[in-house]
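Here, residue 1 is the first one in the sequence, and each next residue gets the next number.
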Amino acid sequence: MSEHTPYRRVLLKLSGESFARPGERGISMEEVLHIARQTVQAAARGVQLAVVIGGGNILRGASFTAGNTGVQEATAHYMGMLATVLNGLALQDAIESL
């Protein structure tokens with residue numbers, strides 16, 4: 001490990017919003033590649049990374065359960081989990097491309 005790396009292990013929590021352009025929703029591969037480059041650089045320095053990803057850029061479960069949308073709470077949570085998986089796949093693909 002490099003002398004300039006104070007941490008051996010890092011837990012990186014990425015908000016779903018970090019996968020979209022500011023003020024937008026969805027996935028911007030430009031933003032995802034920016035995150036991927038930084039994670040690859042950290043790993044190259046010997047840092048072990050654990051990544052936790054949110055899904056708020058695609059879906060906010062609370063917005064489905066707070067109002068009268070016709071979506072059951074459990075279904076809204078499942079939809080949020082799928083949004084997280086989509087973000088994880090986007091990040092995985094970006095890291096593997098580097």
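Each of Leu86, Ile58, Ile53 was checked for a side-chain contact (heavy atoms from CB on, under 4.5 Å) with Phe19, and the lone residue meeting it is Ile53.
Of all the heavy atoms in Leu49 and Ala42, the pair that sits closest is CD1-CB, 4.1 Å. Residues Ala36 and Ile95 approach most closely at CB-CG1, 3.7 Å, considering heavy atoms. For Asn57 against Ala20, the heavy-atom pair with the smallest separation is CB-CB, 4.2 Å. Between Leu33 and Ala94, the shortest heavy-atom distance links the atoms CD2-CB, 3.8 Å.
Cluster annotation: Leu98 and Leu12 are assigned to the same hydrophobic cluster (Ile/Leu/Val/Met/Phe/Trp/Tyr, side-chain heavy-atom contacts under 4.5 Å, transitive).
Between the CE atom of Met29 and the OG atom of Ser97 there is a distance of 7.0 Å, given to the nearest 0.5 Å. Taking NE2 from His77 and CG from Leu82, the interatomic distance works out to 13.5 Å, rounded to the nearest 0.5 Å. Taken from CD in Glu31 to CG in Leu14, the straight-line distance is 12.0 Å, to the nearest 0.5 Å.
Residues that satisfy the side-chain contact (heavy atoms from CB on, under 4.5 Å) test with Glu30, not counting sequence neighbours, are Arg21, Ser28.
A 4.5 Å side-chain heavy-atom check between Arg9 and Val47 finds every atom pair outside the cut-off. With contacts defined as side-chain heavy-atom distances shorter than 4.5 Å, the pair Leu91/Ile35 qualifies.
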**Asked** Given Val85 and Met81, is the side-chain contact (heavy atoms from CB on, under 4.5 Å) satisfied, shown in steps?
**Response** CA-CA 6 Å; Val85 170; Met81 286 184 266; 5.7 Å; no
